[in-house]
Amino acid sequence: MIDVVVFFFLLGVFARLVKSDLRLPEALYETLSIYLLLAIGLKGGIELSKQPLAALAPQVLACMALGFVIPFALYPLARALRLSGVDAAALVAHYGSVSVVTFAVAQAALAREGMDHESHAALWVAVMEAPGLVAGILLARWALRDGATRTDWGGLMHDVLFGKSVLLLLGGLLIGAIAGEAGTAPIQAVFIDPFKGVLALFLLELGLVAGGRLAEVRRFGPAVLVIGLLAPPLLALAGAATGRALGLSTGGVALLATLAASASYIAAPTAMRIAVPQANAALSITAALGITFPFNIVVGIPMYIELARWLERMAA
(Lines give C-alpha, C1' and ligand atoms only; values in the text may rest on other atoms or scores of the structure.)
Protein backbone atom coordinates (compact mmCIF):
# COMPACT_ATOMS: atom_id res chain seq x y z
CA MET A 1 0.00 0.00 0.00
CA ILE A 2 1.37 3.41 -0.98
CA ASP A 3 1.83 5.85 1.92
CA VAL A 4 -0.88 8.50 2.00
CA VAL A 5 1.56 11.41 1.46
CA VAL A 6 2.50 9.98 -1.95
CA PHE A 7 -1.08 10.49 -3.13
CA PHE A 8 -0.63 14.23 -2.60
CA PHE A 9 2.35 14.14 -4.95
CA LEU A 10 0.33 12.22 -7.54
CA LEU A 11 -2.48 14.77 -7.18
CA GLY A 12 -0.02 17.54 -8.00
CA VAL A 13 1.27 15.69 -11.08
CA PHE A 14 -2.31 15.06 -12.25
CA ALA A 15 -3.24 18.71 -11.72
CA ARG A 16 -0.35 19.83 -13.92
CA LEU A 17 -1.08 17.24 -16.63
CA VAL A 18 -4.73 18.36 -16.91
CA LYS A 19 -3.58 22.01 -16.91
CA SER A 20 -5.39 22.91 -13.70
CA ASP A 21 -4.88 26.39 -12.28
CA LEU A 22 -3.87 24.86 -8.92
CA ARG A 23 -0.82 26.66 -7.52
CA LEU A 24 0.77 27.02 -4.11
CA PRO A 25 2.04 30.51 -3.26
CA GLU A 26 5.81 30.70 -3.65
CA ALA A 27 6.17 32.05 -0.11
CA LEU A 28 4.30 29.00 1.22
CA TYR A 29 6.62 26.66 -0.68
CA GLU A 30 9.66 28.35 0.90
CA THR A 31 8.06 28.18 4.34
CA LEU A 32 7.24 24.48 3.99
CA SER A 33 10.77 23.63 2.85
CA ILE A 34 12.29 25.52 5.82
CA TYR A 35 9.91 23.75 8.19
CA LEU A 36 10.72 20.26 6.85
CA LEU A 37 14.48 20.76 6.99
CA LEU A 38 14.33 22.10 10.55
CA ALA A 39 11.90 19.41 11.72
CA ILE A 40 13.97 16.56 10.28
CA GLY A 41 17.10 18.01 11.86
CA LEU A 42 15.42 18.52 15.23
CA LYS A 43 14.08 14.97 15.36
CA GLY A 44 17.48 13.56 14.51
CA GLY A 45 19.20 15.86 17.01
CA ILE A 46 16.88 14.83 19.85
CA GLU A 47 17.86 11.20 19.32
CA LEU A 48 21.51 12.17 18.80
CA SER A 49 21.50 13.68 22.31
CA LYS A 50 20.91 10.17 23.70
CA GLN A 51 23.99 8.59 22.07
CA PRO A 52 27.78 8.82 22.30
CA LEU A 53 29.02 10.69 19.24
CA ALA A 54 32.22 8.63 18.91
CA ALA A 55 30.17 5.52 18.17
CA LEU A 56 28.67 7.24 15.12
CA ALA A 57 32.02 8.05 13.46
CA PRO A 58 32.07 4.92 11.23
CA GLN A 59 28.59 5.73 9.92
CA VAL A 60 29.52 9.36 9.22
CA LEU A 61 32.69 8.40 7.35
CA ALA A 62 30.93 5.66 5.37
CA CYS A 63 28.09 8.00 4.34
CA MET A 64 30.54 10.69 3.24
CA ALA A 65 32.55 8.16 1.24
CA LEU A 66 29.40 6.79 -0.39
CA GLY A 67 28.28 10.25 -1.46
CA PHE A 68 31.73 11.04 -2.87
CA VAL A 69 32.07 7.78 -4.83
CA ILE A 70 28.61 7.79 -6.46
CA PRO A 71 29.39 10.51 -9.07
CA PHE A 72 32.59 8.73 -10.14
CA ALA A 73 30.64 5.46 -10.53
CA LEU A 74 27.85 7.08 -12.59
CA TYR A 75 30.04 9.30 -14.75
CA PRO A 76 31.08 6.57 -17.27
CA LEU A 77 27.42 5.66 -17.79
CA ALA A 78 26.48 9.29 -18.42
CA ARG A 79 29.32 9.65 -20.91
CA ALA A 80 28.35 6.40 -22.63
CA LEU A 81 24.92 7.94 -23.16
CA ARG A 82 26.67 10.69 -25.17
CA LEU A 83 26.33 13.49 -22.68
CA SER A 84 29.12 16.05 -22.79
CA GLY A 85 31.71 15.82 -20.05
CA VAL A 86 30.49 18.90 -18.24
CA ASP A 87 26.80 17.94 -18.50
CA ALA A 88 27.59 14.42 -17.30
CA ALA A 89 29.56 15.79 -14.33
CA ALA A 90 26.78 18.16 -13.28
CA LEU A 91 24.17 15.43 -13.64
CA VAL A 92 26.01 12.83 -11.54
CA ALA A 93 26.68 15.45 -8.85
CA HIS A 94 22.92 15.61 -8.29
CA TYR A 95 22.93 11.85 -7.65
CA GLY A 96 25.92 12.03 -5.33
CA SER A 97 24.00 14.47 -3.15
CA VAL A 98 20.69 13.52 -1.53
CA SER A 99 17.00 14.45 -1.39
CA VAL A 100 15.79 15.27 2.11
CA VAL A 101 12.13 14.98 1.02
CA THR A 102 12.71 11.46 -0.34
CA PHE A 103 14.27 10.65 3.03
CA ALA A 104 11.18 12.00 4.82
CA VAL A 105 8.85 9.92 2.65
CA ALA A 106 10.96 6.82 3.39
CA GLN A 107 10.72 7.53 7.11
CA ALA A 108 6.94 7.80 6.81
CA ALA A 109 6.81 4.51 4.88
CA LEU A 110 8.88 2.74 7.55
CA ALA A 111 6.62 4.10 10.28
CA ARG A 112 3.56 2.79 8.44
CA GLU A 113 5.24 -0.61 8.11
CA GLY A 114 6.07 -0.61 11.83
CA MET A 115 9.81 -0.85 11.08
CA ASP A 116 12.27 0.77 13.46
CA HIS A 117 15.41 2.49 12.25
CA GLU A 118 18.34 4.39 13.69
CA SER A 119 16.80 7.49 15.23
CA HIS A 120 19.81 9.64 14.32
CA ALA A 121 19.44 8.91 10.59
CA ALA A 122 19.01 12.62 9.83
CA LEU A 123 22.76 12.86 10.49
CA TRP A 124 23.35 10.70 7.40
CA VAL A 125 21.40 13.19 5.29
CA ALA A 126 23.46 16.10 6.56
CA VAL A 127 26.85 14.51 5.89
CA MET A 128 25.89 13.18 2.44
CA GLU A 129 24.85 16.55 0.99
CA ALA A 130 28.28 18.00 0.16
CA PRO A 131 30.70 15.16 -0.83
CA GLY A 132 28.84 14.30 -4.03
CA LEU A 133 28.81 17.94 -5.07
CA VAL A 134 32.57 18.19 -4.59
CA ALA A 135 33.07 15.01 -6.64
CA GLY A 136 30.87 16.37 -9.44
CA ILE A 137 32.81 19.61 -9.55
CA LEU A 138 36.11 17.71 -9.72
CA LEU A 139 34.74 15.71 -12.66
CA ALA A 140 33.62 18.91 -14.39
CA ARG A 141 37.04 20.51 -13.92
CA TRP A 142 38.63 17.37 -15.36
CA ALA A 143 36.22 17.42 -18.33
CA LEU A 144 37.03 21.06 -19.12
CA ARG A 145 40.81 20.67 -18.63
CA ASP A 146 41.61 23.83 -20.58
CA GLY A 147 42.95 25.83 -17.69
CA ALA A 148 40.60 28.69 -18.51
CA THR A 149 38.05 27.88 -15.84
CA ARG A 150 38.92 28.33 -12.18
CA THR A 151 36.78 27.35 -9.24
CA ASP A 152 36.56 29.54 -6.18
CA TRP A 153 36.58 26.58 -3.82
CA GLY A 154 36.36 28.74 -0.71
CA GLY A 155 33.28 30.59 -1.94
CA LEU A 156 31.76 27.43 -3.30
CA MET A 157 32.17 25.45 -0.09
CA HIS A 158 30.71 28.38 1.83
CA ASP A 159 27.62 28.31 -0.39
CA VAL A 160 27.32 24.51 -0.11
CA LEU A 161 27.92 24.18 3.62
CA PHE A 162 26.03 27.32 4.61
CA GLY A 163 23.30 27.15 2.00
CA LYS A 164 19.72 26.86 3.17
CA SER A 165 19.32 23.09 3.12
CA VAL A 166 22.55 22.12 4.89
CA LEU A 167 22.43 25.01 7.36
CA LEU A 168 18.85 24.29 8.45
CA LEU A 169 19.42 20.55 8.67
CA LEU A 170 22.65 20.86 10.66
CA GLY A 171 21.17 23.68 12.72
CA GLY A 172 18.18 21.55 13.63
CA LEU A 173 20.46 18.64 14.51
CA LEU A 174 22.58 20.85 16.76
CA ILE A 175 19.58 22.42 18.50
CA GLY A 176 17.98 19.03 19.06
CA ALA A 177 21.24 17.51 20.32
CA ILE A 178 21.86 20.36 22.78
CA ALA A 179 18.30 20.81 24.02
CA GLY A 180 17.41 17.12 24.09
CA GLU A 181 13.93 15.69 24.45
CA ALA A 182 13.02 17.71 27.54
CA GLY A 183 14.29 20.99 26.11
CA THR A 184 12.39 20.62 22.84
CA ALA A 185 9.14 19.45 24.45
CA PRO A 186 7.52 22.94 24.26
CA ILE A 187 7.91 23.05 20.45
CA GLN A 188 6.93 19.46 19.65
CA ALA A 189 3.37 20.55 18.87
CA VAL A 190 4.82 22.72 16.07
CA PHE A 191 7.77 20.75 14.71
CA ILE A 192 7.01 17.10 15.50
CA ASP A 193 3.28 16.40 15.57
CA PRO A 194 2.20 18.17 12.31
CA PHE A 195 5.21 16.90 10.33
CA LYS A 196 3.38 14.45 8.09
CA GLY A 197 0.66 16.93 7.16
CA VAL A 198 3.24 19.54 6.18
CA LEU A 199 5.11 16.88 4.18
CA ALA A 200 1.87 16.12 2.30
CA LEU A 201 1.45 19.80 1.33
CA PHE A 202 5.08 20.02 0.21
CA LEU A 203 4.67 16.90 -1.93
CA LEU A 204 1.61 18.45 -3.55
CA GLU A 205 3.78 21.36 -4.69
CA LEU A 206 6.56 19.02 -5.85
CA GLY A 207 3.97 17.07 -7.84
CA LEU A 208 3.04 20.28 -9.64
CA VAL A 209 6.71 21.00 -10.37
CA ALA A 210 7.52 17.44 -11.47
CA GLY A 211 4.43 17.31 -13.67
CA GLY A 212 5.66 20.41 -15.45
CA ARG A 213 9.04 18.75 -16.04
CA LEU A 214 7.62 15.71 -17.83
CA ALA A 215 7.45 17.60 -21.12
CA GLU A 216 11.23 18.20 -20.88
CA VAL A 217 11.99 14.46 -21.02
CA ARG A 218 11.31 14.26 -24.75
CA ARG A 219 13.66 17.17 -25.40
CA PHE A 220 16.63 15.53 -23.70
CA GLY A 221 16.13 12.07 -25.19
CA PRO A 222 16.89 8.63 -23.74
CA ALA A 223 19.90 9.68 -21.66
CA VAL A 224 17.80 11.42 -19.03
CA LEU A 225 15.42 8.45 -18.84
CA VAL A 226 18.19 5.87 -18.51
CA ILE A 227 19.95 7.79 -15.73
CA GLY A 228 16.71 8.79 -14.03
CA LEU A 229 15.30 5.25 -13.90
CA LEU A 230 18.36 2.98 -13.90
CA ALA A 231 20.61 4.82 -11.45
CA PRO A 232 18.30 4.68 -8.39
CA PRO A 233 18.00 0.86 -8.11
CA LEU A 234 21.72 0.40 -8.76
CA LEU A 235 22.68 3.02 -6.19
CA ALA A 236 20.19 1.57 -3.71
CA LEU A 237 22.11 -1.72 -3.88
CA ALA A 238 25.31 0.15 -2.97
CA GLY A 239 23.56 1.96 -0.13
CA ALA A 240 22.01 -1.24 1.21
CA ALA A 241 25.36 -3.06 1.06
CA THR A 242 26.97 -0.18 2.97
CA GLY A 243 24.20 -0.31 5.56
CA ARG A 244 24.65 -4.03 6.07
CA ALA A 245 28.41 -3.61 6.41
CA LEU A 246 27.81 -0.98 9.11
CA GLY A 247 25.48 -3.33 10.97
CA LEU A 248 22.44 -1.07 10.63
CA SER A 249 18.92 -2.23 11.43
CA THR A 250 16.69 -3.38 8.58
CA GLY A 251 14.95 -0.01 8.59
CA GLY A 252 18.31 1.74 8.64
CA VAL A 253 19.48 -0.29 5.65
CA ALA A 254 16.31 0.73 3.78
CA LEU A 255 16.90 4.41 4.65
CA LEU A 256 20.54 4.37 3.55
CA ALA A 257 19.54 2.60 0.33
CA THR A 258 16.94 5.34 -0.25
CA LEU A 259 19.46 8.11 0.36
CA ALA A 260 21.96 6.53 -2.03
CA ALA A 261 19.22 6.20 -4.67
CA SER A 262 17.95 9.76 -4.28
CA ALA A 263 19.01 12.84 -6.20
CA SER A 264 19.27 16.40 -4.93
CA TYR A 265 17.12 19.10 -6.50
CA ILE A 266 17.75 21.84 -3.92
CA ALA A 267 21.44 22.04 -2.98
CA ALA A 268 22.89 20.51 -6.17
CA PRO A 269 21.33 22.87 -8.75
CA THR A 270 22.57 25.88 -6.78
CA ALA A 271 26.09 24.50 -6.40
CA MET A 272 26.32 23.49 -10.06
CA ARG A 273 25.11 26.89 -11.28
CA ILE A 274 27.91 28.51 -9.29
CA ALA A 275 30.72 26.04 -10.07
CA VAL A 276 29.78 24.74 -13.52
CA PRO A 277 27.78 27.44 -15.34
CA GLN A 278 28.59 25.73 -18.67
CA ALA A 279 26.40 22.72 -17.76
CA ASN A 280 22.80 22.38 -18.88
CA ALA A 281 20.94 22.92 -15.60
CA ALA A 282 17.56 21.93 -17.09
CA LEU A 283 18.83 18.46 -17.98
CA SER A 284 19.98 17.71 -14.43
CA ILE A 285 16.86 19.03 -12.70
CA THR A 286 14.62 17.16 -15.15
CA ALA A 287 16.36 13.87 -14.34
CA ALA A 288 16.48 14.48 -10.59
CA LEU A 289 13.04 15.99 -9.99
CA GLY A 290 11.06 14.97 -13.07
CA ILE A 291 12.07 11.29 -13.18
CA THR A 292 14.07 10.02 -10.19
CA PHE A 293 12.03 11.70 -7.46
CA PRO A 294 8.65 10.34 -8.68
CA PHE A 295 10.20 6.91 -9.31
CA ASN A 296 11.63 6.74 -5.80
CA ILE A 297 8.57 7.82 -3.84
CA VAL A 298 6.07 5.74 -5.84
CA VAL A 299 8.07 2.62 -6.75
CA GLY A 300 11.57 2.84 -5.34
CA ILE A 301 11.01 3.18 -1.59
CA PRO A 302 8.80 0.05 -1.35
CA MET A 303 11.49 -1.79 -3.37
CA TYR A 304 14.28 -0.61 -1.05
CA ILE A 305 12.33 -1.71 2.02
CA GLU A 306 11.86 -5.17 0.50
CA LEU A 307 15.56 -5.23 -0.45
CA ALA A 308 16.50 -4.54 3.18
CA ARG A 309 14.17 -7.29 4.37
CA TRP A 310 15.60 -9.73 1.82
CA LEU A 311 19.16 -8.95 2.93
CA GLU A 312 18.12 -9.54 6.53
CA ARG A 313 16.65 -12.94 5.63
CA MET A 314 19.77 -13.88 3.67
CA ALA A 315 21.97 -13.02 6.64
CA ALA A 316 19.83 -15.00 9.09
Side-chain angles (χ1 to χ4, degrees), residues 58-81 83 85-103 106 121 123-143 156-157 160-161 165-166 169 223-224 226-246 248 252-272 275-276 279 283-289 291-293 295-296 300-301 303-304 307-308:
Q59 294 180 20
V60 170
L61 293 174
C63 287
M64 292 179 69
L66 181 63
F68 187 76
V69 167
I70 282 173
F72 289 98
L74 279 183
Y75 185 75
L77 173 61
R79 293 290 283 142
L81 292 168
L83 293 179
V86 70
D87 282 345
L91 177 60
V92 299
H94 287 65
Y95 286 82
S97 191
V98 293
S99 163
V100 68
V101 180
T102 307
F103 171 80
L123 179 63
W124 307 341
V125 186
V127 300
M128 287 181 75
E129 278 271 21
L133 301 180
V134 173
I137 294 164
L138 289 174
L139 285 167
R141 296 281 78 82
W142 180 81
L156 178 65
M157 291 312 296
V160 170
L161 296 176
S165 58
V166 176
L169 195 58
V224 73
V226 172
I227 293 289
L229 296 176
L230 181 61
L234 294 177
L235 296 177
L237 288 171
T242 303
R244 290 298 303 178
L246 289 169
L248 301 182
V253 170
L255 275 183
L256 193 53
T258 300
L259 283 172
S262 69
S264 171
Y265 50 84
I266 298 176
T270 302
M272 291 302 106
V276 195
L283 183 148
S284 296
I285 197 65
T286 297
L289 182 55
I291 299 174
T292 293
F293 180 73
F295 173 84
N296 274 334
I301 290 172
M303 285 174 50
Y304 311 148
L307 170 63

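One distance of note links CG of Leu81 with CG of Leu74; it measures 10.5 Å at 0.5 Å rounding. Interatomic distance, CG of Leu235 versus OH of Tyr95, reported as 9.0 Å (0.5 Å rounding). We find the CG-CD1 distance between Leu230 and Ile227 to be 7.5 Å, quoted to the nearest 0.5 Å.
Side chain of Arg79 to main chain of Leu83: a donor-acceptor pair is present (N/O by atom type, distance under 3.5 Å, no hydrogens or angles).
In plain terms, the two heavy atoms of Leu307 and Ala236 that are nearest each other are CD2-O, 4.1 Å. The shortest heavy-atom contact between Leu255 and Ala106 is CD2-CB, 3.6 Å. Contact between Ala90 and Met272 at its shortest, heavy atoms only, is CA-SD, 3.8 Å. Residues Val92 and Ala89 come closest through the heavy atom pair CG2-O, 3.3 Å. Ser284 and His94 make their closest contact through CB-CE1, 3.3 Å (heavy atoms, listed as atom of the first residue, atom of the second, distance). Closest approach of Leu248 to Gln59, counting heavy atoms only: CD2-NE2, 3.7 Å.
In this structure the side chain of Val127 never reaches within 4.5 angstrom of the side chain of Leu61, judged on heavy atoms. In this structure, the side chains of Trp124 and Leu259 come closer than 4.5 Å at one or more pairs of heavy atoms. For the pair Tyr265/Val101, a side-chain contact is recorded, criterion being any heavy-atom separation below 4.5 Å from C-beta on. Phe68 places a side-chain heavy atom less than 4.5 Å from the side chain of Leu138. Counting heavy atoms from C-beta outward, Thr258 and Asn296 have side chains that stay 4.5 Å or more apart.
Evaluated for a side-chain contact (heavy atoms from CB on, under 4.5 Å) with Thr242, the options Leu256, Leu237, Val69 yield exactly one hit, Leu256. Exactly one of Ser99, Ser97, Pro232 qualifies for a side-chain contact (heavy atoms from CB on, under 4.5 Å) with Ser262. That residue is Ser99.
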